[in-house]
Every structure is written in C-alpha cells, then in structure tokens.
Protein chains: 2
Amino acid sequence: MASSAAAIVSGSPFRSSPLIHNHHASRYAPGSISVVSLPRRVSRRGLSVKSGLIEPDGGKLMNLVVEESRRRVMKHEAETVPARIKLNRVDLEWVHVLSEGWASPLKGFMRQSEFLQTLHFNSFRLEDGSVVNMSVPIVLAIDDDQKFRIGDSNQVTLVDSVGNPIAILNDIEIYKHPKEERIARTWGTTARGLPYAEEAITKAGNWLIGGDLQVLEPIKYNDGLDRFRLSPSQLREEFIRRGADAVFAFQLRNPVHNGHALLMTDTRRRLLEMGYKNPVLLLNPLGGFTKADDVPLSWRMRQHEKVLEDGVLDPETTVVSIFPSPMLYAGPTEVQWHAKARINAGANFYIVGRDPAGMGHPTEKRDLYDADHGKKVLSMAPGLERLNILPFKVAAYDKTQGKMAFFDPSRSQDFLFISGTKMRGLAKKKENPPDGFMCPSGWKVLVDYYDSLSAETGNGRVSEAVASA
Amino acid sequence: MASSAAAIVSGSPFRSSPLIHNHHASRYAPGSISVVSLPRRVSRRGLSVKSGLIEPDGGKLMNLVVEESRRRVMKHEAETVPARIKLNRVDLEWVHVLSEGWASPLKGFMRQSEFLQTLHFNSFRLEDGSVVNMSVPIVLAIDDDQKFRIGDSNQVTLVDSVGNPIAILNDIEIYKHPKEERIARTWGTTARGLPYAEEAITKAGNWLIGGDLQVLEPIKYNDGLDRFRLSPSQLREEFIRRGADAVFAFQLRNPVHNGHALLMTDTRRRLLEMGYKNPVLLLNPLGGFTKADDVPLSWRMRQHEKVLEDGVLDPETTVVSIFPSPMLYAGPTEVQWHAKARINAGANFYIVGRDPAGMGHPTEKRDLYDADHGKKVLSMAPGLERLNILPFKVAAYDKTQGKMAFFDPSRSQDFLFISGTKMRGLAKKKENPPDGFMCPSGWKVLVDYYDSLSAETGNGRVSEAVASA
C-alpha cells in the first residue's frame with residue numbers, strides 16, 4: 001500500500017522541492033521584527049534570518065538530531081551504552097516529534113516535574129519564570145525488568161523494533177507511572193476503550209523514564225511520505241521563502257471536504273481584510289497513531305492531493321505537510337497540544353472547530369466532550385496567549401446553492417449536515433454525496449479506500465490494513 | 001454534642017477577644033510595605049491600614065456579605081425572587097468560604113469559564129492578565145427541574161434546609177455538569193467511594209449554576225464554635241494586632257500530636273533565624289465536611305484546646321481558627337486550594353507534609369496519591385509563586401529520648417512511627433501511646449471521643465454521630 005501511495009503522490013503540487021532561502025522573505029512582515037532562532041543547519045550557513053514569524057516556545061526551536069559531523073561518533077557511543085530500551089510505534093512517533101522541536105522547549109522525554117506540571121497545569125514554567133503550554137504527557141514507559149537492568153546508569157540507548165539504535169537518552173530520571181491518574185487527568189475519564197490509552201498506557205510499564213534526547217538521524221518511515229514530513233524548521237523556512245506575513249494552521253485527521261475548504265479560503269480572506277498581505281495556510285494532517293476506524297494516512301494524503309489538484313485549495317498559498325504526532329482523542333486537553341506544536345512550526349493563527357480532537361464516549365452513548373469546551377479551553381490556555389484562535393464557522397451543504405456554505409440558522413431547513421459517519425457510510429456503499437460536497441477525484445480516493453478494505457476483509461486482513469499506514 | 005463542646009471550650013486560650021486595631025502593627029514588617037485592602041467593616045472606620053501581610057489574590061479580599069445597613073432591603077428582595085435553590089450542607093460551606101473571601105478573587109459560584117480553567121489549569125487568568133491559583137471547582141449543582149423553574153430569570157435566592165434565605169445569586173449562568181470529567185480531573189481517578197464525590201457530586205444535578213453572590217448575613221452554625229471561625233479579614237486584623245511580620249499556616253484535619261507541635265515550633269525557630277522578629281502560627285483546622293472515620297470538628301477543637309493549655313504550643317504566637325472549607329481528599333489538587341486560601345487569610349508561609357489531603361485509594365490496596373506529589377505540585381503551582389512553601393520534616397517517636405523528634409535515618413532503629421490508624425486503634429482500646437507522643441489531656445479527649453462512639457453504637461446511632469459536627 002505504501003509504495004503505491006508513493007507512486008500516486010509523486011508529481012503532486014505539494015511544496016516539497018529543495019528549500020531555497022530567500023533573503024527578501026521578510027519584506028511583508030508587519031509589526032515588530034524579531035530574530036527567529038533556527039536550528040543549526042541554517043545557522044551554520046551563516047545567514048542572519050529575520051522575519052515576522054512567531055517565536056518558538058521558549059525562544060528557541062529545539063533540534064535534537066545529532067549534527068552530521070558527529071553522527072559516526074554518537075552511533076558508536078550508542079552501541080556501547082549497556083542499557084537499551086526498545087521503542088514501540090508510538091514511542092518512536094514521540095521521538096520524532098521531540099527531535100524536530102514540535103514540543104519545544106522540551107529536550108526529551110519528560111522528567112517528573114514536567115510530567116506533573118503537564119497533568120495538573122497543562123503548562124510548565126521555565127527557569128526565567130515564563131510559562132509555555134504543554135497539555136499532553138510526552139513520556140516513555142519501562143517495566144520493572146527494564147528498570148532493574150538500567151540500574152544506576154545515567155543514560156540508555158533507544159532502539160527500534162529490530163534493535164537499531166535510534167537515540168541516546170541522557171541524564172535519565174526514572175519515576176513511577178501513575179497510569180490511572182495519567183489517564184484520568186488527560187482524558188477526564190478512565191473508561192475502558194480510549195484508543196491511545198489501550199495502545200500506549202494500560203499495558204505499558206509501571207515506570208517512566210525521562211531525560212535529554214540525542215537522536216542519531218532524522219526519523220524516517222520509508223513509506224513514500226517522508227518528503228511530506230517537513231519539520232518545524234523546514235516549515236519556517238518555507239513560510240519565509242514564500243514571504244508569509246501570517247501563517248494559519250489547520251489540524252486534521254480526516255479527508256478534506258468542501259466545507260473545510262470553504263473555511264480555509266474564508267480564513268485567508270479574513271486575514272487579507274485584516275491587512276495581512278500574504279497569509280499562508282499550513283494544512284497539517286496528523287501522521288501518527290490513529291484509531292482503527294479513521295482513514296489511514298496514506299489514503300488521506302492521496303485525497304488531500306486531489307483536493308489541491310482540483311484547485312479547491314490554492315497550492316500557491318497552501319503548504320501541506322504531515323504532523324508526526326500520534327492522536328490521543330483527548331479533546332480540550334489535546335487541542336492545546338495541536339495548537340502549541342503549530343506555534344513551533346511558525347503558525348500564529350489556529351483554526352479550531354467543533355469538538356476538536358473529540359470522539360464518542362467509549363462506554364456511554366454520548367460524545368466524550370462538550371462540543372464547545374475545546375475552543376473555550378484553547379482560548380484560555382496558559383502559554384497560548386500569543387496565538388490567535390480562529391473559531392470554526394459551521395459549514396453544511398446548502399441545498400438551495402448545491403454547495404457547502406456557512407450554516408445560516410435563519411433558514412436551517414435549507415441545510416444538510418453530512419457527518420463523518422454518514423460520509424463513511426456513503427463511501428463504503430460506493431454512493432455519491434450531493435454534488436459540491438467534495439471534489440469527485442477526492443471522493444474517489446475514499447471509495448477506493450473502502451473498496452480495498454472490503455477486498456482485504458475477504459482475505460481476513462482488514463485489521464492489519466487499518467492499523468498500518 | 002455541640003452544646004457540651006461549647007461548654008468545654010469556653011474560657012479557652014484561643015484568641016477570640018474583640019479585635020483592636022494597632023496602629024503600630026506594621027513596625028516589624030520587612031521589605032516593601034504594601035496596602036492591604038480590607039473589607040468594608042474596617043474601611044468604614046476610616047483607618048489607613050498598612051502592613052507587610054501578603055496581598056490577597058487579585059489584590060482585594062472579597063467580602064460578599066451584604067453591609068448591615070442594606071440587609072433589611074436585601075432580605076426583602078431575596079423573598080421576592082421567584083426562583084429558589086435549597087442548599088445542602090456542603091453548598092452552605094462553600095457559600096461561607098466564598099462570602100469571607102477565602103477564594104478571592106471569586107465573587108460567587110463559578111461560571112463555566114472559571115470552572116473549565118480550574119479543571120484544566122488549576123488556575124485562572126484575571127482581566128489584567130495576572131494568574132491566580134484555583135484548583136478545586138467551587139460550583140453549585142441544580143437538577144433539570146430546578147433549571148426549568150429558573151427559566152429566564154437572572155437571579156435566584158439560595159435558602160437553607162428549612163427555607164430561610166441565605167443569599168442571592170446574581171447574573172446567573174447555567175451550564176452542563178460534566179460529573180465524570182469533574183471527578184476525573186479533580187481526583188485523578190473515577191473509582192467509586194471518593195467521600196466528597198459520593199457526598200456532593202455523583203447524586204447532584206446535571207447542571208451547574210454560577211453567578212455573583214450577595215450573602216445576607218455572616219454564616220453561623222450555632223454549634224458553640226462560631227467564635228473560632230475567624231474570617232480572612234479578621235485573621236488579618238489579628239495578625240496585624242500582634243505585629244506579625246511572618247505568618248505560617250498549618251492546615252490540619254486530625255488531632256495535634258507532639259510531632260506536629262515539634263514541627264510548628266521548629267518552623268518558628270527557623271523563621272526567627274531567617275531574621276523575622278515575630279512569626280505567628282495560623283493553626284487552621286478544617287471545619288467543613290470530612291469523611292466518616294475522621295475525628296469530628298468539635299472533638300478536634302477540644303483536643304487542640306488542651307494542646308494549647310498544656311503549653312505544647314505557645315498561645316502568644318499561635319492563632320487557632322477554623323477553616324470553613326469542606327474536605328475533598330484530592331491530594332495534590334486540593335493542597336493548592338488549602339495553600340491559596342491561607343494566602344487570602346494573610347499567610348506567606350505554608351507548611352506542607354507527606355501526602356497532603358491524601359487518603360487510601362477507595363478500591364485498590366494503595367494510597368491514592370504518591371506521597372511526594374503534593375509538595376512537588378504545590379511548589380510548582382501557578383499563582384502560588386508568592387507563597388513560601390515549607391516542606392514538612394518527618395517526625396517520629398524517638399525511643400532513646402522518649403519524645404517526638406525529627407527522624408534521623410542514620411539511627412532508624414531508634415524511631416517508632418505511630419500512624420493515624422495505630423493512634424485511633426490505641427484510643428479506641430483506651431490504651432496510652434508512648435509517653436511524649438501527645439499531651440495526656442489531649443489524648444484523653446480522643447479516648448473520650450471513641451468512648452462516646454461506642455456508647456452510641458449501643459444505641460445504633462454511630463453513623464449519625466460521626467457525620468455530625
């Protein structure tokens with residue numbers, strides 16, 4: 001599946017060409033000009049980068065990947081560290097997230113003081129007294145046996161599923177993993193069936209290990225989509241190259257329909273009205289762990305590609321790139337993480353919708369979160385004061401116009417709401433949605449996806465197929 | 001029981017004489033002198049109060065009790081408001097807490113924005129951008145029927161169990177009561193058997209009603225202990241009268257033993273060493289709802305009285321007063337509330353022990369919270385930066401000295417730890433603890449309490465007796 005996806009997306013209009021730095025990039029930057037700290041790769045070129053992009057949290061974008069010149073030495077060191085921890089899929093996604101600075105100023109897996117502040121305050125205080133947002137624990141669990149084997153060591157080597165060293169964790173701190181409390185404070189429930197908890201917490205070890213990460217090489221998945229995984233540093237370079245004077249981020253984990261597109265183009269229009277000259281959209285689909293009934297990343301990327309090819313979104317003012325985080329489905333707690341990470345990627349506007357990062361309650365017949373809590377919590381979150389929150393206007397299918405439009409409550413009978421469940425149901429049955437709901441080529445990707453699923457169901461491989469990508 | 005308690009505590013050495021303002025009170029105040037806003041009763045006297053006491057949260061101590069001159073009018077208004085809500089015991093305790101400004105700058109039961117910030121951030125941001133700590137929801141629940149009856153009203157009258165108006169809640173806001181989420185985020189568990197949740201949440205209504213409180217008269221319990229319920233304003237006056245240049249608070253819900261006393265006298269010694277001339281102890285036993293197996297307030301107050309009579313604590317530098325809050329047993333979340341409320345009462349030092357506000361897990365064989373999390377969370381809590389946290393040294397019975405002493409791990413075999421469970425067991429069996437564990441007259445109060453319980457058990461009235469006070 002991965003290789004066919006790669007074949008299809010090659011030649012796409014997504015921006016993934018080598019990034020060329022533009023010295024005039026900041027010409028449109030309004031207001032105060034501030035120095036953006038860029039990671040070593042840029043600094044080493046000796047460029048003095050100035051732009052109006054929002055500063056990363058803590059003032060400096062973390063880059064935890066070992067410099068190329070030191071890789072050989074560090075890889076040798078990694079081989080000699082006696083204690084090793086095997087990373088599972090979600091662990092590796094967090095190493096990726098941390099390595100590129102999405103979680104700046106975090107320098108590695110959380111130590112206890114960061115973990116406790118995250119659980120209790122959704123933020124933590126830096127040494128200079130300033131506060132940064134951090135709402136989801138980024139932690140690494142180990143079991144009793146691993147803890148025993150680490151003993152008094154000060155560092156451990158993290159390895160992938162086949163034993164290849166990925167990173168060294170230094171100045172480690174091992175502390176208890178209060179699983180029930182972590183789940184309760186992150187999700188506001190301890191009901192069984194929370195996808196991330198089942199995947200990464202409930203069966204995990206009784207200890208957490210924090211420390212500073214040195215990642216040996218940039219994390220790659222070799223699934224044909226790596227070139228769409230731009231780091232915050234690369235995204236910032238791209239925004240500067242395009243002369244963006246405002247960057248608005250749209251987090252998504254679903255196929256893009258014309259309601260989304262309407263919202264994004266309308267946001268750009270509003271930003272232009274506000275006086276910005278060149279607002280750029282960061283369309284940043286989530287690429288890590290998702291629950292089994294979400295559409296897998298590779299299919300979503302094909303669908304997004306069609307949307308851009310069809311001109312529903314303007315490739316000139318849109319950057320499509322994959323956000324490497326796993327999905328927690330933790331609603332108001334998680335939406336803060338989604339927003340904070342995009343600050344680090346250079347976004348100063350964030351679009352937030354109804355029930356962001358929400359899902360149905362795993363054991364009760366209701367949504368897990370109040371649909372309005374996400375945007376309310378986000379708008380009040382400590383450490384996100386610098387970010388402009390753009391509430392999502394509700395779009396629905398306007399039967400009188402035959403297209404997606406902003407819902408007008410004064411003529412509600414004219415509108416049709418097409419839920420995700422309904423959309424999936426139609427695609428599974430190879431039926432078409434109303435004209436104008438989604439561009440036909442994008443819709444075909446969805447139909448093909450469900451088609452591939454039912455073909456695989458015949459082979460009894462459905463769960464594997466859904467869990468991959 | 002209440003009246004006999006009143007008889008015993010009369011003539012006690014606790015400070016409850018009429019408070020006389022001392023113009024020279026601030027002579028010892030070190031560092032910057034700041035104006036402390038005192039409630040109307042003081043301001044009306046035309047005094048210009050200056051002292052070194054810590055400022056209340058938000059800069060102004062709330063006093064939500066209607067001025068005496070307006071009481072008649074407001075009581076009449078309360079009678080005419082069509083919508084009425086009957087307060088239960090815990091609701092009334094929160095009205096008391098709010099009315100006296102322990103929760104400053106809160107002006108009444110939380111509206112949704114305060115509730116959400118409390119749950120997610122344990123703090124909230126004021127209009128001027130500053131942050132105050134607020135870790136436990138102070139909310140009022142109503143059911144569907146009450147919500148229907150309130151309809152479009154803008155205010156409701158709160159009445160006691162026999163229908164007497166207590167307060168008016170103005171500019172009301174009604175919003176959903178997410179019980180599971182509230183419990184999960186406050187306690188870090190949703191296990192059944194959390195005393196406060198069972199008492200005040202699980203069976204409560206599906207809606208919360210927030211608004212600004214006007215309390216018609218100071219809240220009184222007529223249990224003989226009201227004169228020991230000093231408000232934050234009265235406590236501040238008392239500290240000023242005594243010329244305190246440091247106030248250190250000790251929260252407790254248990255009988256005082258000599259280990260506590262050692263800690264408190266040692267803290268005073270340390271503060272004197274730090275250069276303070278007159279540190280005053282606020283011994284502030286919790287007076288609201290407690291779980292059934294805690295010693296009831298009236299018995300605890302008798303016990304505290306004996307401790308002061310016996311000279312274990314110095315009455316000259318100790319103020320004993322009741323903290324009207326209910327007890328949540330919410331560990332690291334609740335200890336922040338305990339500390340924050342004492343800032344409002346004028347304390348700038350707070351003593352925190354092992355597992356503050358903790359209890360056993362209601363369904364598992366372990367403590368609900370890690371014993372160290374409370375002080376760690378407290379030391380990092382947003383909005384409490386101004387408060388000096390004094391970690392509790394562990395005291396135990398030193399067999400070589402025959403008294404309570406700070407535990408010395410180098411000769412651990414010399415020490416005996418007497419847990420609360422062990423203490424209760426001894427008192428129930430009318431046995432004596434080792435000499436020097438608690439002053440004999442204080443111990444006798446405990447023995448008498450358990451004696452009264454077993455007498456009542458014979459009458460089948462034990463649960464009522466335990467639940468009262």
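Bear in mind that the values here come from a model prediction, so they are computed numbers and not experimental data. Throughout, protein chains are lettered first and strands after them, A, B, ... in sequence-line order, and every chain is numbered starting at 1.
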Using a heavy-atom distance cut-off of less than 4.5 Å, which residues of [range] contact chain A?
{"range": "residues 183-190 of chain B", "value": "B:Ala184, B:Arg185, B:Thr186, B:Trp187, B:Gly188, B:Thr189, B:Thr190"}
{"range": "residues 371-382 of chain B", "value": "B:His373, B:Lys376, B:Val377, B:Met380, B:Ala381, B:Pro382"}
{"range": "residues 122-146 of chain B", "value": "B:Asn122, B:Arg125"}

Taken to the nearest 0.5 Å, the spacing of A:Glu364 CD from B:Glu180 CD works out to 5.5 Å
Is it true that atom CZ of A:Arg386 has more than 12 heavy atoms of other residues, nucleotides or ligands lying nearer than 6.0 Å?
yes
Is the count of non-hydrogen atoms from other residues, nucleotides or ligands lying under 6.0 Å from A:Arg366 atom CZ greater than 12?
yes
Residues which pass side-chain hydrogen bond (donor to acceptor under 3.5 Å, both in side chains) with A:Gln117, listed by chain and number, not counting sequence neighbours:
none
Among B:Leu368, B:Asp370, B:Thr333, B:Leu116, which residue forms the greatest number of heavy-atom pairs with chain A at distances under 4.5 Å?
B:Leu116
For the interface with chain A, which of B:Ala191, B:Pro178, B:Ser113 has the highest count of heavy-atom pairs at distances below 4.5 Å?
B:Ser113
Close side-chain approach of A:Phe121 and B:His120, heavy atoms under 4.5 Å:
no
